[in-house]
Colleague: 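Would you mind keeping the following structure in view while I ask a few things?
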Amino acid sequence: MLPRQQHVLDALYACFVACEAQATHGLNHPEAPALSRSVRLSRDCADLCRLSAAFVGRGSEHTAHMLRECAELCRVCADECTQFSDEACRLCTDACRRAEDACRTAFVRPAALV
């Protein structure tokens with residue numbers, strides 16, 4: 001596996017974990033209704049990060065398309081989570097920003113992922 005692939009996979013996995021934790025935290029939070037959009041986006045982001053990692057891992061010809069969409073969803077999820085100050089949201093924001101950056105830089109040179 002190329003270092004670039006591993007970097008993207010590591011970022012996607014960290015984002016998956018952080019988003020899942022944020023969604024669980026949000027569902028169990030006393031003010032859950034205020035976090036509902038954040039929870040939905042976190043769940044979507046976790047799912048897309050997991051799927052994108054599978055595309056990267058197998059060198060799919062559609063990897064660049066997946067990473068573009070993943071970068072966009074990571075950006076939106078991070079933007080939403082920045083509105084909340086708790087630790088789960090902060091970790092989610094940080095992981096989403098790193099995954100967004102990894103996805104954006106990876107699809108600039110899609111040949112490096114094949």
Colleague: With Asp79, which residues qualify under salt bridge (charged side-chain N to carboxylate O under 4.0 Å, His left out), at least two apart?
Modeller: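 If we apply the salt bridge (charged side-chain N to carboxylate O under 4.0 Å, His left out) test to Asp79, skipping adjacent residues, the hits are Arg75, Arg97.
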Colleague: Can you tell if the side chain of Leu48 reaches within under 4.5 Å of the side chain of Cys74, non-hydrogen atoms only?
Modeller: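 No. Closest side-chain heavy atoms not under 4.5 Å.
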Colleague: Suppose the criterion is salt bridge (charged side-chain N to carboxylate O under 4.0 Å, His left out): which pairs have a residue in residues 15-36, not counting sequence neighbours?
Modeller: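 Applying salt bridge (charged side-chain N to carboxylate O under 4.0 Å, His left out) to every pair that reaches into residues 15-36, excluding sequence neighbours, yields nothing.
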Colleague: Please list all pairs passing the salt bridge (charged side-chain N to carboxylate O under 4.0 Å, His left out) test where one or both residues lie in residues 34-50, with sequence neighbours left out.
Modeller: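 Listed once each, the pairs are Arg37-Glu80, Asp47-Arg50.
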Colleague: List the residues meeting salt bridge (charged side-chain N to carboxylate O under 4.0 Å, His left out) with Asp94, not counting sequence neighbours, and say none if there are none.
Modeller: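 Counting only residues at least two positions away or on another chain, Asp94 forms a salt bridge (charged side-chain N to carboxylate O under 4.0 Å, His left out) with Arg90.
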Colleague: Scan for ring-ring contact (aromatic ring centres under 6.0 Å, His included) pairs involving residues 87-106, sequence neighbours excluded, and state none if there are none.
Modeller: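 Pairs touching residues 87-106 that pass the test: none.
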Colleague: Answer yes if the side chains of Gln22 and Ser38 hold a donor-acceptor pair under 3.5 Å, and no otherwise.
Modeller: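 A pair is found: one side chain offers a donor N or O, the other an acceptor, under 3.5 Å apart.
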Colleague: With sequence neighbours left out, write down each residue that passes side chain to side chain contact (heavy atoms under 4.5 Å, CB included) with Ala14, or none if nothing qualifies.
Modeller: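 Partners of Ala14 under the side chain to side chain contact (heavy atoms under 4.5 Å, CB included) test: none.
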Colleague: Just jot down the side-chain hydrogen bond (donor to acceptor under 3.5 Å, both in side chains) partners of His29, sequence neighbours excluded, or say none.
Modeller: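 His29: no side-chain hydrogen bond (donor to acceptor under 3.5 Å, both in side chains) contacts found.
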Colleague: Who else is in Leu27's hydrophobic cluster (ILVMFWY, side-chain heavy atoms under 4.5 Å, direct or via others)?
Modeller: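 Cluster partners of Leu27: Leu35, Val39, Phe84.
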Colleague: If hydrophobic residues (ILVMFWY) are linked whenever their side-chain heavy atoms come closer than 4.5 Å, directly or via other members, who joins Val17 in its cluster?
Modeller: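 In the cluster with Val17 are Tyr13, Phe16.
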Colleague: Begin with the C-alpha distance, continue with both residues' side-chain angles, and end with the deciding distance and a verdict on side-chain contact (heavy atoms from CB on, under 4.5 Å) for Cys49 and Cys19.
Modeller: CA-CA 9 Å; Cys49 283; Cys19 285; 5.9 Å; no
